[in-house]
There are 2 protein chains.
Amino acid sequence: MKDHRVTTENQYTLAEEDYIKAIYHICQQSQEAQTNDIADRLHTKPASVSDMLKKLADKKVLNYIKYRGVTLTEEGMKAALNLVRKHRLWEVFLVEKLNFSWDEVHEVAEQLEHIDSALLIERLDAFLGFPKFDPHGDPIPNEKGEFVVKPHIPLGEMEIGVTGKVLAVQDISASFLQYLNKVGIYIGAKVSILDKIDYDGSLEVKLDEQKTILVSKEVAKNIFVGE
Amino acid sequence: MKDHRVTTENQYTLAEEDYIKAIYHICQQSQEAQTNDIADRLHTKPASVSDMLKKLADKKVLNYIKYRGVTLTEEGMKAALNLVRKHRLWEVFLVEKLNFSWDEVHEVAEQLEHIDSALLIERLDAFLGFPKFDPHGDPIPNEKGEFVVKPHIPLGEMEIGVTGKVLAVQDISASFLQYLNKVGIYIGAKVSILDKIDYDGSLEVKLDEQKTILVSKEVAKNIFVGE
DNA sequence: TAAATTTTTTAGACAAAACTAAAAAATACT
DNA sequence: AGTATTTTTTAGTTTTGTCTAAAAAATTTA
Ligand SMILES: [Mn+2]
Ligand SMILES: [Mn+2]
Ligand SMILES: [Mn+2]
Ligand SMILES: [Mn+2]
């Protein structure tokens with residue numbers, strides 16, 4: 001039957017889009033995307049990834065040399081940024097307009113990002129007031145793929161005594177976000193490190209100049225602070 | 001890759017959903033859905049429809065006897081009404097919130113109706129103020145599949161001199177709706193027949209107690225009036 | 001550097017959903 | 001009733017995207 005997406009606007013299948021986006025996200029962290037990393041991220045097998053890499057390379061979406069990691073081409077990058085834009089705009093919509101919590105939006109946005117209508121995204125962007133960041137603090141690219149980057153560091157690397165704001169989270173799993181809800185950490189929260197525990201690397205954190213909480217090294221790695 | 005829809009909520013593939021909805025719409029007009037009618041509606045070939053009917057019959061979605069038309073089972077009807085509900089709620093969203101015109105929404109809603117999240121639809125419904133009709137005047141089923149039916153007749157069958165309101169349109173093609181925009185006909189417009197032209201069956205229509213327009217028999221068949 | 005391990009690719013299958021061409025059933029027309 | 005036409009189904013392919021098992025290349029380790 002085909003999905004109803006019109007090919008005049010959209011050149012890639014739903015599966016191809018997910019690969020493009022996965023490769024984009026992996027390359028954000030490590031230059032090149034490895035076959036196994038892509039498979040992990042998409043919950044597929046490496047063999048399936050190899051097949052798709054060949055196909056996407058043929059379509060000039062990525063730079064591929066066998067047995068080497070891949071990177072996105074100019075064209076692939078454009079496609080990826082548009083998908084990221086759509087994903088994050090939908091997340092804003094779900095939180096701002098439909099009262100979703102930030103731990104409930106990812107899965108739905110993972111579907112909505114594939115809706116193919118330039119007009120829809122243009123209008124949605126305007127309806128939301130042209131937001132610059134999504135509910136997890138991640139920047140939203142504009143139509144040209146440009147986005148602002150606020151300088152930020154992991155909470156664990158903040159100096160003792162310095163005060164900063166929570167700007168983003170790296171882990172967007174529901175379990176992590178629900179943990180943050182529970183301890184009272186949110187995007188925009190004012191934080192400062194009171195003490196670093198040598199024994200296990202955990203941190204004593206002053207939150208909003210009110211309560212003091214203890215967060216593990218693992219948690220601290222996944223919270224970005226800045227400003 | 002699979003679409004990202006979760007199987008706990010959704011039992012049918014995107015293609016299956018489109019077949020279910022097509023069969024529902026055809027059965028609204030003619031008791032049984034014929035293979036060729038389904039193929040026409042979905043722009044597929046009758047051979048493809050036969051394959052799918054067998055599959056959907058196995059899944060207990062429809063009542064199927066070879067060489068006979070099909071009807072939806074209880075379960076198929078439930079699925080169809082949920083799809084119709086989602087389609088129409090999204091159409092309302094596009095028109096009411098994103099300033100789409102009623103001739104621009106169908107294609108996008110055709111994609112959005114497949115997004116799989118009960119929470120999303122529940123919240124969207126509330127956000128829109130629990131609308132009872134979509135931008136084309138079609139009723140929106142509630143979560144249980146119930147909907148209100150306003151009694152209505154084709155404009156062509158209205159008595160001369162009686163005044164009514166445009167309640168819905170049957171043809172939702174962009175070209176038809178754009179024609180209606182041009183002549184000033186919209187859902188809720190006040191209409192009465194001034195005269196019926198014997199020669200070609202066209203109608204002289206008084207619109208909103210202001211201007212008089214002439215509409216063809218074809219057009220009159222696709223406009224429903226009532227109240 | 002040679003062996004062991006890990007990563008990636010190839011080969012071969014499979015399911016979903018479409019297609020064309022041909023056969024079979026149902027319906028319409030003398 | 002018997003033929004012609006239309007409708008529907010079957011048979012056999014194709015494309016997309018997945019999989020497992022096995023081979024090949026790259027990397028790590030001894
Ligand atoms: Mn996705
Ligand atoms: Mn996000
Ligand atoms: Mn659809
Ligand atoms: Mn509609």
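Chain naming here is simple, since letters A, B, ... match the order of the sequence lines and numbering starts at 1 in each.
Legend: residues meeting salt bridge (charged side-chain N to carboxylate O under 4.0 Å, His left out) with A/Lys221, ordered by chain and number and at least two apart, are A/Glu218. Evaluation of the salt bridge (charged side-chain N to carboxylate O under 4.0 Å, His left out) rule for B/Glu104 yields no partner, not counting sequence neighbours. In terms of the side chain to side chain donor-acceptor pair (under 3.5 Å) criterion, B/Ser50 has no residue partners (sequence neighbours excluded). Listed by chain and residue number, A/Glu146 satisfy the side chain to side chain donor-acceptor pair (under 3.5 Å) test with A/Asn142 (two or more places apart in sequence, or in another chain). A/Asp125 pairs by the salt bridge (charged side-chain N to carboxylate O under 4.0 Å, His left out) definition with A/Arg85, not counting sequence neighbours. Residues meeting the side chain to side chain donor-acceptor pair (under 3.5 Å) test with B/Arg41, sequence neighbours left out: none. Residues satisfying the salt bridge (charged side-chain N to carboxylate O under 4.0 Å, His left out) criterion with B/Asp103, sequence neighbours excluded, are absent altogether.
Taking the centre and axis of the six-membered ring of A/Phe127, the NZ or CZ atom of A/Lys97 falls inside the cone set by 45° and 6.0 Å.
If you check every strand for non-hydrogen atoms under 4.0 Å, B/Ser48 touches a base. Residue contacts for B/Ser50: at a heavy-atom cut-off of 4.0 Å it reaches a base atom on one of the strands shown.
The pair A/Glu110-A/Lys21 meets the salt-bridge criterion, since a charged nitrogen lies less than 4.0 angstrom from a carboxylate oxygen.
Residues from residues 57-68 of chain B with heavy atoms under 4.0 angstrom of DNA chain D, sorted by number: B/Tyr64, B/Lys66, B/Tyr67. Within residues 15-26 of chain A, no residue has any heavy atom under 4.0 Å from DNA chain C.
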Under 3.5 Å, sequence neighbours excluded: what are the donor-acceptor pairs made by side chains of residues 22-35 of chain B?
{"unit_1": "B/Ser30", "atom_1": "OG", "unit_2": "B/Ile26", "atom_2": "O", "d": "3.2"}
{"unit_1": "B/Ser30", "atom_1": "OG", "unit_2": "B/Glu32", "atom_2": "O", "d": "3.4"}

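Distance B/Asp51 CG to D/dT9 P: 10 Å, rounded to the nearest Å. Put simply, NZ on A/Lys54 is 15 Å from P on C/dT8, counting in whole angstrom units.
Sequence neighbours left out, the pairs with a member in residues 126-138 of chain A that pass side chain to side chain donor-acceptor pair (under 3.5 Å) are A/Glu91-A/His136.
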Enumerate all atom pairs, one protein N or O and one N or O from nucleotides 13-15 of chain D, separated by less than 3.5 Å.
none

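Checking C/dT10, C/dC19, C/dT8 against the side-chain heavy atoms of A/Asn36 singles out C/dT8 as nearest.
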